[in-house]
Amino acid sequence: MRESILVLDFGGQYNQLIARRVRECGVYCEVHPYTMTVEEMKEMNPKGIILTGGPNSVYDPASPHGSPEIFELGIPVLGICYGSQLMAWTLGGKVATAPVSEYGKTEVTVDSKKGLLKKVSDTTVTWMSHTDYIETVPEGFQITAHTPVCPVAAMENAEKKLYGLQFHPEVTHSEQGMEMLSEFVYGPCGCKGDWKMDSFVDESIRKIRQKVGNGKVLCALSGGVDSSVAAVLMSKAVGKQLTCVFVDHGLLRKNEGDEVEAVFGPAGDYDLNFIRVNAQQRFYDKLAGVTEPEQKRKIIGEEFIRVFEEEAKKIGAVDFLVQGTIYPDVIESGLGKSAVIKSHHNVGGLPDYVDFKEIIEPLRMLFKDEVRKAGLELGIPEYLVYRQPFPGPGLGVRIVGEVTAEKVKMVQDADAIYREEIANAGLDREINQYFAALTNMRSVGVMGDFRTYDYAVALRAVTTSDFMTAESARLPWDVIEKVTSRIVNEVEHVNRVLYDCTGKPPGTIEFE
Ligand code: XMP
């Protein structure tokens with residue numbers, strides 16, 4: 001049986017990050033609610049258990065306490081933040097409200113270089129976020145680190161292989177956090193490190209086959225990274241039992257429809273039923289005369305669902321619907337209730353009345369960069385795997401004002417030039433998102449000896465880590481100059497190019 005680490009979720013913010021860090025150490029890891037029974041844990045047979053942080057106070061009777069037997073199973077346990085307080089409190093130590101809360105980067109003094117702190121320097125910067133603290137440790141425990149205001153920053157009972165850290169080793173601000181997690185996994189847990197992304201792929205394929213049996217599977221494929229990786233994984237698992245529906249709404253980037261078809265269609269590498277629905281005109285008709293951004297988004301979203309639904313009806317009842325949900329899309333309720341799932345489809349949710357029995361989300365535990373690794377492992381071309389984000393309503397929100405087929409062509413051509421030049425300048429992996437948008441502004445220019453009265457294209461490029469906030473990228477001027485000159489010369493009806501210097505906030509990344 002493959003070695004694994006079990007993370008028990010007590011409602012903290014960084015729980016999936018803990019799992020991800022363990023996987024980075026080369027050990028398979030799963031997050032389960034704290035309500036998991038001891039029998040279920042024994043069945044999983046983990047090499048170690050990690051108790052996460054959480055917003056509660058252990059001494060409050062209403063707080064989640066899990067099973068006290070966890071500490072008697074003979075399996076090494078690491079408690080992080082609330083998890084360490086829970087360990088102390090359950091085993092007879094004292095937890096109280098700290099006179100001073102600690103939040104943010106905090107220097108910890110190591111008292112005893114052993115256990116998880118074996119390879120850590122005498123003082124080390126960690127990430128703290130707590131209002132309660134451990135006042136006294138349970139019998140058999142030793143304090144191994146402290147801060148000026150937190151007497152127990154780390155504790156251990158080496159004999160029972162129980163460890164507590166008040167700070168969050170999983171957060172990058174904890175400078176030696178990875179060393180500590182790795183020490184837990186390879187030290188007391190005795191893991192060998194048998195997990196790689198290819199194990200994830202093989203394991204997923206095995207599980208999917210087991211679940212699907214002879215059932216029929218339907219997948220809405222957008223051509224984006226997540227749905228592409230999910231589709232290929234499913235296809236490797238169940239082949240022709242899978243049907244992928246790709247709706248071309250006429251608001252895709254230049255050649256994108258054909259590129260998606262080339263990879264997933266009959267001439268591509270995958271053995272799946274691929275349906276491309278060319279619904280361009282249908283979308284343009286619905287969008288005619290509409291200028292209000294939210295109304296445009298709604299129309300595109302609804303029409304998408306109608307098209308998908310019509311195709312699903314033609315296929316008939318399916319057993320499973322695949323969604324490319326990845327971890328950041330999963331809103332964890334945190335306290336062990338089943339996670340609330342954001343309907344992941346790019347445009348705006350799937351119809352309630354598509355007839356299927358169960359949803360499969362094969363990427364649910366992965367972060368974006370892990371999805372990309374899985375994609376490469378599955379042999380998906382790099383240009384697809386490293387695609388930048390693209391909004392579900394597509395160019396519909398990059399054309400300010402009314403959408404027409406002519407405007408789509410303008411923005412597609414301008415955007416293709418921009419992307420090409422960014423790639424030529426070697427900036428394509430550096431800038432997190434960049435695209436051309438078509439403003440609704442026409443202005444006067446001169447070309448040759450003639451007056452022009454044409455549209456202005458806006459270039460957008462942002463650097464961001466989470467897409468919630470962003471900065472306008474400082475593109476080299478010669479790149480902007482080249483792109484401008486090419487767009488004005490090569491794209492009909494565009495005579496002006498503007499660079500968008502707005503950050504987010506106050507702007508958003510997309511124009512609408
Ligand atoms: P904004 O414009 O809100 O965009 O700053 C933030 C990020 O989200 C992307 N985006 C979308 N993605 N469906 C999506 O899947 C949408 O409707 C949508 N709208 C914006 C946007 O490209 C950026 O990466």
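Remember, it's 1-based here, ligands and their atoms both numbered in the order they're listed.
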- Message: Is there a polar contact between ligand 1 and Gly392, counting only N or O atoms under 3.5 Å apart?
- Response: yes

- Query: When you check the gap from the basic side-chain N to the acidic O, do Glu512 and Arg398 get nearer than 4.0 Å?
  - Reply: no

- Give yes or no for whether the N/O distance cutoff of 3.5 Å, strictly under, is met between Arg398 and ligand 1. no

- Just say parallel, tilted or perpendicular for the rings of His168 and Tyr14, cut-offs at 30° and 60°. perpendicular

- Inspect the contact between Arg486 and Glu420 and indicate whether a charged nitrogen and a carboxylate oxygen are less than 4.0 angstrom apart. yes

- Lys/Arg N to Asp/Glu carboxylate O, Asp198 vs Lys373, below 4.0 Å: no

- For Pro389, the ligand 1 atoms whose distance to one of its heavy atoms is below 4.0 Å: 24 (O)

- Query: Any idea which of Arg297, Arg460, Lys504, Glu510 brings a heavy atom closest to atom 6 (C) of ligand 1?
  - Reply: Lys504

- Could you check whether the rings of Tyr434 and Tyr418 sit parallel, tilted or perpendicular, using 30° and 60° as the cut-offs? perpendicular

- Query: Is a salt bridge present between Arg276 and Asp258, judged by a nitrogen-to-oxygen distance below 4.0 Å?
  - Reply: yes

- Work out whether the distance between some heavy atom of Gln388 and some atom of ligand 1 is less than 4.0 Å. no

- Does an N or O from Phe390, backbone or side chain, lie closer than 3.5 Å to an N or O of ligand 1? no

- Message: Under 4.0 Å from a heavy atom of Thr508: which atoms of ligand 1 are those, numbered in the order shown and with their elements?
- Response: 1 (P), 2 (O), 5 (O)

- Query: For ligand 1, which atoms sit closer than 4.0 Å to a heavy atom of Pro393?
  - Reply: 16 (C), 17 (O)

